[in-house]
Asker: 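Here's a structure for you.
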Amino acid sequence: MRPDLTPWRSSRDFRLLWSAGCVSSFGSFLTYVALPLQIKHLTNSPIAVGLIGAVELVPLIVFGLWGGALADALDRRKLVLGSEVGLLLLSGMLLLNALLPDPVLWLVYVVAALVAAADGLQRPALDSMTPRIVPHDQLTAAFTLLSLYRNAASVAGPALAGVIVAVAGVETAYALDVLTFAVSLVLLYKIRAVPPSTGAEKPSLSAIANGIRYAWGRKDLLSTYVIDIVAMLFAFPVAIYAFWASDLKADWALGLMYGATAAGALVVSATGGWTSHVHRHGRMLVFAALGWGVSIALAGLVGNVWLVLLCLALAGGADQISGVARSSIWNQSIPDEFRGRLAGVELLSYSVGPQLGQARAGGMATAIGVRGSVWAGGLACVVGVVALTAAVPRLLRYDDRTDEHVAAVRAQHAAQAAERDALAA
């Protein structure tokens, strides 16, 4: 039940990557809270605050796909460093704007769109670095360790941000975010180069299309993306939490509702050593997705706020297990020459799903009530996962000990490691 620390002990570059992500994620949560609060202060308009999601979505999609093509063609470390510099400068712009006597509203939206673009460029390179710096048999443990700080930041980050913003203002939150980016830059700079594979495709629309064709040709891989989208589309009721809390006559519990799923995921991450011993990640993914849907459905059916919080925590734990399973399949079975482009596709699957899910939750809440929207969405998630599993039985047969794609990638990683050791010698 203890975390598997083998990747931390065996890879200096993984320790640096983990530490950089830990520092910058807490800083990013400061801006995540401060940005909508600043818009609220400037406009006092819920629509103006909600517009942030709209201006971020298109840049994230476009630059996420392009960032995946760049990650396969360039040194991934350099791409991550360049994006990190851009994010630092953008946080600096938010800080300078906040220090003005009359902050400029349109600049906040422009910077938010640019941050989404920079994140889209960086995330595929960042996600596809791990298979290059961690031995193949340690990839599941590595993802669990990365999830540990991300989930801890999801729980503690917003709470810390709320205190800082309330006591010292949004400009202090932005300043601390700039500082965390500076620290993470120093750590990322110390990571060794992660050059592209031999014969890597140049970044282009055709290269992106080739990556999508590869995913389409592997129905087991494609089903991992679709299951994630289905789970978020039907069973992601975050948009109606405020109305849900009121329906439960527990407005005081709104913050706990936001933190419950992250807390459940954190518990699984902190006790996730067992995930390194799982080999049938397809079954792991299906059962976890079903657990997410059932937990959300139960949360909508019960009328006690403490039972709702328990169900949300169980859902968060199931989602974390699902994330470990998906990441293991992706990192173990996708060749390095496609890893960046497929990371771009993954970015879309876990970004677009929640956006659509919030619209779905709000629309159904208007039609059938808040709790009806929650339990019906959870039930629809269960039905969708069962249908997809029946359509792609190969997913249930996935076993990293026998899968031909895993065997090919394992051999590729072994050759790359031997070449890297020879160059170091």
Asker: Which heavy atom of Ala215 sits nearest to which heavy atom of Leu222, and what is that distance?
Answerer: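 Nearest heavy atoms, Ala215 then Leu222: O-CB, 3.7 Å.
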
Asker: Kindly state each residue pair satisfying ring-ring contact (aromatic ring centres under 6.0 Å, His included) with at least one member in residues 57-89, sequence neighbours excluded.
Answerer: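 Residue pairs passing ring-ring contact (aromatic ring centres under 6.0 Å, His included), neighbours aside: none found.
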
Asker: Considering all heavy atoms of both residues, which atom of Leu88 and which atom of Ala182 are nearest to each other, and what is their separation?
Answerer: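 In this case the closest contact between Leu88 and Ala182 is CD1-N, 3.6 Å.
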
Asker: Start with the C-alpha gap between Arg360 and Ser373, add the side-chain angles, then the distance that decides, and say whether side chain to side chain donor-acceptor pair (under 3.5 Å) holds.
Answerer: CA-CA 8 Å; Arg360 192 281 318 165; Ser373 172; 3.3 Å; yes

Asker: Locate the shortest heavy-atom distance separating Ala116 from Leu60; write the atom from each residue and the value.
Answerer: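 Smallest interatomic distance, heavy atoms only, reads O-CD1, 3.7 Å.
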
Asker: Do you know the tightest heavy-atom contact between Ala253 and Val305?
Answerer: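 Heavy atoms only, the tightest pair is CB-CG2, 3.7 Å.
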
Asker: Quick one: are Asp228 and Met232 in side-chain contact, heavy atoms under 4.5 Å?
Answerer: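 Contact flag for Asp228/Met232 side chains = yes.
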
Asker: Please test Val386 against Leu290 for side chain to side chain contact (heavy atoms under 4.5 Å, CB included), starting from the C-alpha separation and ending with a verdict.
Answerer: CA-CA 8 Å; Val386 170; Leu290 291 173; 3.9 Å; yes

Asker: Going by the rule side chain to side chain donor-acceptor pair (under 3.5 Å), which residues pair with Ser91 if we only count those two or more places apart in sequence or in a different chain?
Answerer: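 Applying side chain to side chain donor-acceptor pair (under 3.5 Å) to Ser91 gives Asp177.
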
Asker: Using 4.0 Å as the upper bound for N to carboxylate O, is an ion pair formed by Glu404 and Arg218?
Answerer: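 No, Arg218 and Glu404 are not salt-bridged.
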
Asker: I'd like to know if the side chain of Arg341 reaches the main chain of Gly68, judged simply by a donor and an acceptor atom lying under 3.5 Å from each other, with no hydrogens or angles considered.
Answerer: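 Checked: no pair found.
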
Asker: Ignoring hydrogens and geometry, is there a side-chain-to-backbone donor-acceptor pair from Arg339 to Asp72 under 3.5 Å?
Answerer: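 Such a contact is absent between Arg339 side chain and Asp72 backbone.
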
Asker: Where do Tyr32 and Phe29 land on the ring pair (Phe, Tyr, Trp, His ring centres under 6.0 Å) test, with the steps shown first?
Answerer: CA-CA 5 Å; Tyr32 177 77; Phe29 267 107; 5.7 Å; yes

Asker: Strictly distance-based, threshold 3.5 Å: is any side-chain N or O of Glu171 a donor or acceptor partner for the main-chain N or O of Ala98?
Answerer: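 No, because the side chain of Glu171 does not come within donor-acceptor range (under 3.5 Å) of the backbone of Ala98.
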
Asker: Tell me the side-chain hydrogen bond (donor to acceptor under 3.5 Å, both in side chains) pairs involving residues 279-300, sequence neighbours left out?
Answerer: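 Applying side-chain hydrogen bond (donor to acceptor under 3.5 Å, both in side chains) to every pair that reaches into residues 279-300, excluding sequence neighbours, yields His279-Asp400.
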
Asker: Where do Asp336 and Gln412 land on the side chain to side chain donor-acceptor pair (under 3.5 Å) test, with the steps shown first?
Answerer: CA-CA 8 Å; Asp336 187 67; Gln412 183 185 49; 5.5 Å; no

Asker: Work out which heavy atom in Ser276 is nearest to a heavy atom in Ala141; give both atom names and the distance.
Answerer: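 Ser276 and Ala141 have their closest heavy atoms at OG-CB, 3.4 Å.
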
Asker: How are the rings of Phe338 and Tyr214 set relative to one another: parallel (under 30°), tilted (30 to 60°) or perpendicular (over 60°)?
Answerer: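 Rings of Phe338 and Tyr214: parallel, under 30°.
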
Asker: Please find the pair of heavy atoms, one from Met257 and one from Trp244, that lie closest to each other, and give the distance.
Answerer: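 Closest heavy-atom pair between Met257 and Trp244: CE-CE3, 3.4 Å.
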
Asker: Would a distance-only check, ignoring hydrogens and angles, find a side-chain to backbone donor-acceptor pair under 3.5 Å from Thr31 to Ser28?
Answerer: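 Side chain of Thr31 to backbone of Ser28: no pair is present.
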
Asker: So, the side chain of Arg371 versus the backbone of Gly300: is there a donor-acceptor pair under 3.5 Å, distance only?
Answerer: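 Confirmed, Arg371 side chain pairs with Gly300 backbone.
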
Asker: Is a side-chain N or O of Ser11 found less than 3.5 angstrom from the main chain of Ile133, in a donor-acceptor match?
Answerer: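 Answer holds: yes.
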
